[in-house]
Amino acid sequence: KSPTLAAKPKIFLIQACRGGNKNNEAMNVQKDGSSQQSMVFKMPNNSDIVIMFSTIEHFASWRHPKNGSWLIQSFCSVMDADKYSDDFLSLLTQTSHKIVTDFDQMDVMQSSCVQSWLTRKIFFKSK
């Protein structure tokens, strides 16, 4: 309910288990080789929020004892490589893809989950 946060994105990455299931079943998949006038408007209190969970509901979340969590490793890698090239939700989709494909040789699998109440695309600009 803070007016200073209205129409500003609130981004949360949550690295935590969301249940006790240890393995998300997997299958083998073959990989594919103008300007506007300013106007005042009302915004719901719960708008412009995006949450990325490291795993889907009812499942465990995984991390390497030395390298850290799969979510944070993948998110940092995507942001380092592509933060200026795409919108933020697309970067989170790339992060989800990286979690699935970079850790596909492990004994367990993990699928991340994104919930969004964004009202516009978020882009990062280089300085």
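Keep in mind the model is a prediction, meaning the values are calculated, not measured.
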Asker: Kindly compute the distance separating CG (Asp86) from CZ (Phe124), expressed to the nearest 0.5 Å.
Answerer: 11.5 Å
Asker: Could you go through the side-chain contact (heavy atoms from CB on, under 4.5 Å) check for Lys121 and Leu89 one step at a time?
Answerer: CA-CA 8 Å; Lys121 290 184 177 185; Leu89 278 180; over 6 Å; no
Asker: Determine whether Trp70 and Phe53 fall in the same hydrophobic cluster, where Ile, Leu, Val, Met, Phe, Trp and Tyr are linked whenever their side-chain heavy atoms lie under 4.5 Å apart.
Answerer: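 As far as the 4.5 Å side-chain criterion goes, Phe53 and Trp70 are not connected within one cluster.
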Asker: Any side-chain heavy-atom pair from Asp48 and Lys8 closer than 4.5 angstrom?
Answerer: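 SC-SC contact between Asp48 and Lys8 ruled out.
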Asker: Would a hydrophobic clustering, with Ile, Leu, Val, Met, Phe, Trp and Tyr connected at side-chain separations under 4.5 Å, put Ile14 with Leu71?
Answerer: no
Asker: Working to the nearest 0.5 Å, report the span between CG of Leu118 and CD1 of Ile49.
Answerer: 9.0 Å
Asker: Looking at every non-hydrogen atom in both residues, tell me the closest pair between Leu5 and Lys10 and how far apart they are.
Answerer: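 The pair with the smallest heavy-atom distance is O-NZ, 2.9 Å.
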Asker: So, taking the atom named OG in Ser69 and the one named CG in Leu13, what distance separates them when rounded to the nearest 0.5 Å?
Answerer: 9.0 Å
Asker: Between Phe88 and Phe123 (judged by ring centroids, cut-off 6.0 Å), do the two rings come close enough to count as a pair?
Answerer: no
Asker: Should Met79 and Leu91 count as side-chain neighbours, where that means a heavy-atom distance under 4.5 Å?
Answerer: yes
Asker: Would you say that Ser112 contacts Ser54 through its side chain, given a criterion of any heavy-atom pair below 4.5 Å between the two side chains?
Answerer: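 Side chain of Ser112 against side chain of Ser54, heavy atoms only: no contact under 4.5 Å found.
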Asker: Less than 4.5 Å apart, any side-chain heavy atom of Val50 and any of Gln115?
Answerer: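 Answer no - side chains too far apart.
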Asker: Say whether Thr55 and Gln110, considering side chains only, have a donor N or O and an acceptor N or O under 3.5 Å apart.
Answerer: no
Asker: Answer yes or no: are there more than 12 heavy-atom neighbours, outside His64 itself, under 6.0 Å from its atom NE2?
Answerer: yes
Asker: Atom CD1 of Ile11 and atom OG of Ser116: how far apart are they, to the nearest 0.5 Å?
Answerer: 10.0 Å
Asker: How would you list all residue pairs meeting side chain to side chain donor-acceptor pair (under 3.5 Å) that involve residues 72-84, not counting sequence neighbours?
Answerer: none
Asker: Are the side chains of Ile51 and Val114 in contact, using a 4.5 Å heavy-atom criterion?
Answerer: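 Not in contact.
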Asker: Between atom CG of Leu92 and atom CZ of Phe75, what is the distance when rounded to the nearest 0.5 Å?
Answerer: 6.5 Å
Asker: Taking the cut-offs as 6.0 angstrom to the six-membered ring centre and 45 degrees off its axis, would you call Arg18 and Phe59 a cation-pi pair?
Answerer: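 That pair does not qualify as a cation-pi contact.
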Asker: Side chains of Ser61 and Gln15: closer than 4.5 Å at any heavy-atom pair?
Answerer: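 In short, these two side chains touch, coming nearer than 4.5 Å.
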Asker: Could you give the distance from CG (Asn67) to CD1 (Ile72), rounded to the nearest 0.5 Å?
Answerer: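 Answer for the CG-CD1 pair, Asn67 versus Ile72, is 13.5 Å.
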Asker: Less than 4.5 Å apart, side chain to side chain, heavy atoms only: is that true for Ile122 and Asp87?
Answerer: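 Of all side-chain heavy-atom pairs linking Asp87 with Ile122, none is under 4.5 Å.
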